[in-house]
Each structure stands twice: as C-alpha cells, then as structure tokens.
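Computed over heavy atoms, backbone and side chain alike; hydrogens, waters and symmetry mates excluded.
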Amino acid sequence: MDETAAGGRRHPAHEDLEKRWEATVRAARDTGEHDALAAPSPHPYAANLLARWAEPQRRYHTTDHLVAVLDHIDVLEEYAEDPAAVRLAAWFHDAVYLPDRSENEERSARLAERALRELGVGPARTDEVVRLVRLTVTHAPAPDDTDGAVLCDADLAVLAAPPEAYAAYAAAVREEYGFVPDDAFRAGRSDVLRQLLALPKLFRTPYGEREWEERARRNIGAELERLGA
C-alpha cells in the first residue's frame, strides 16, 4: 500500500510528481504573466490529488499507475493535439476511485472541472480534460480523436507489460475487488478480457499499435487461460 503524505512517510515519487504537476498546470494556463502570478499555487492541488491516489482501497490504481500513465504519455506525446490537456486528464482520470462504485469517472471529471477552473486553466482546455476523463469509461476514442487515443493508449499500456509485470497487475486488480467472490470475479473479469480481445484494435496510436498490440493480446489470452475461461 502507498503511504500517504498525511499518515506516513512521503511516497518517494511524490516530489517528482509535484514538479511534473506544476509544469503541466503552468503550461495549461491560458493566462499572461500578471494573471499567472495571481492564480492559485498548484501545490495544494498536487497534495490533494496525490493523497487521493494513495488511498488504502487502491491496489492497482495507485501512484505507481499514475506515474506509468504519465510516462507513457511522454512516449506518445507527438500524436497529441493538446499534450497538456492529456496530462491533466491522466492526473484526474482515477482521482476518485472506489472499486465498488460505477460513477468514479464522472466524479473524477467533475473534480477536474472544479479544480482546473480554480487554477486558471481556460474553459476550452478544461472542457477537453473533462471530456478525456469521461472517455476512460469506454477507452473508445473516435478515429480523429488524437488526444483521446494518447490517453487511452497510455492507460491501457499495462496490458502489454512483460509477463511478470502483467501478472502483478492482474493480481493487484483482484486485490482491489477482494470483496467479490472468486466465481463472480472470474466471470466478470473474463467478460472484460473477452470484450478487449474482440476489439479490432486495443491501441489507437501508431506507436501503440506497433509496439503494444501483439504483446497485449498474448497477455490477455494467457490471463483468460489462468481464469479457466
């Protein structure tokens, strides 16, 4: 379990993440120099988000997942129309996460809308971030949605992890749903994995399709076998 800023030692990735957050917010603001000085500091918002990402009910959707998504966005940045919006969406896409609830993405989107307005991010970019957060419900961007493709590919890149890392991811997901009986979990998880395999493409960016698609499909197939599906 990740240690929170309030309750234990500082997570070793937090200092770097705070710097990344501040740089993204400053790049995203539609303000001049004077307005930027008057805008709220990004630091309290970083602390709030990082505390959310370190909540005790999380096993996969943790700070490590946030770092991984941001790192993958760095790899895919050339395909994005608005990289700052995509990075902000990564920060917020699982900011509200309770594994027994179905409205996490919507609540995360509303949180993003409130916070970004306060931070001086303009309405158009704020709306784009909110749209991207909501897109993570389906991970199905339109063919011309380059920002959506980058965010969704970055979020799903774990599917293409090396076998041991993929097994750790699958185990962490099971832990998050520890309240679900084994038979029900196997059935539900198998349905999700079959739906993924049925997609024409898991990844929408050229890089993702080239580098991740085949390995992700192998991993998903192997997990289905382990589940006995």
Restricting to non-hydrogen atoms, name the atom on [X] and the atom on [Y] that form the minimum distance, rounded to 0.1 Å.
X	Y	value
Ser108	Val133	CB-CG1, 3.9 Å
Ala161	Ala165	CB-CB, 3.8 Å
Pro42	Leu119	CA-CD2, 3.9 Å
Arg125	Ala84	NE-CB, 4.3 Å
Ala172	Arg59	O-CB, 3.4 Å

Glu81 atom CD, neighbour heavy-atom count above 12 within 6.0 Å: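 Not more than 12 within 6.0 Å, no.
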
Using modelled atom types and a 3.5 Å cut-off, is there a donor and acceptor pairing between side-chain atoms of [X] and backbone atoms of [Y]?
X	Y	answer
Thr24	Arg87	no
Ser190	Arg186	yes
Arg58	His61	yes
Asp147	Val86	no
Asp94	Trp53	no
His139	Thr136	yes
Arg29	Gly120	no

Joint cluster assignment, Leu159 & Val137, ILVMFWY side-chain distance < 4.5 Å: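 No, separate clusters.
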
Linked, directly or transitively: Phe203 and Ile220 (ILVMFWY side chains, under 4.5 Å):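 Yes, it is one cluster - the side chains of Phe203 and Ile220 are joined through contacts under 4.5 Å.
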
Worked verdict on Val96 versus Glu106 for side chain to side chain contact (heavy atoms under 4.5 Å, CB included): CA-CA 9 Å; Val96 177; Glu106 181 59 30; over 6 Å; no

When you compare the side chain of [Y] with that of [X], does any pair of heavy atoms fall below 4.5 Å?
X	Y	answer
Leu135	Pro141	yes
Val69	His93	yes
Arg174	Asp182	yes
Leu202	Leu156	no
Leu70	Val67	no
Val129	Leu116	yes
Thr146	Glu78	no
Arg20	Asp74	yes

Pair Glu118-Tyr45, side chain to side chain donor-acceptor pair (under 3.5 Å): steps then yes or no: CA-CA 10 Å; Glu118 292 172 6; Tyr45 294 83; 2.7 Å; yes

Can you tell me how far the [atom1] atom of [X] sits from the [atom2] atom of [Y], to the nearest 0.5 Å?
X	Y	atom1	atom2	answer
Tyr60	Glu176	OH	CD	9.0 Å
Arg134	Arg110	CZ	CZ	7.0 Å
Glu55	Leu50	CD	CG	11.5 Å
His14	Lys19	NE2	NZ	14.5 Å
Glu18	Asp16	CD	CG	9.5 Å

Distance-only polar pair, side chains of Asp155 and His65, donor-acceptor under 3.5 Å: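 Side chains of Asp155 and His65: pair found under 3.5 Å.
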
Quiz item: cation-pi between Arg52 and Tyr97, 6.0 Å / 45°: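 No; the conditions do not both hold, so Arg52 does not lie above the ring face of Tyr97.
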
Lys/Arg N to Asp/Glu carboxylate O, Arg131 vs Asp127, below 4.0 Å: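 Salt bridge absent between Arg131 and Asp127.
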
Ion pair check, Asp153 and Arg204, cut-off under 4.0 Å: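 Answer for the salt bridge query: no.
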
Residues Asp100, Val180; criterion side chain to side chain contact (heavy atoms under 4.5 Å, CB included); working and verdict: CA-CA 9 Å; Asp100 60 341; Val180 178; over 6 Å; no

Whether Tyr169 and Tyr166 hold their rings parallel, tilted or perpendicular, with breakpoints at 30° and 60°: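 Tyr169 vs Tyr166 ring planes: perpendicular.
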
His72 and Trp212 aromatic ring geometry - parallel, tilted or perpendicular at 30°/60° bounds: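 Rings of Trp212 and His72: perpendicular, over 60°.
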
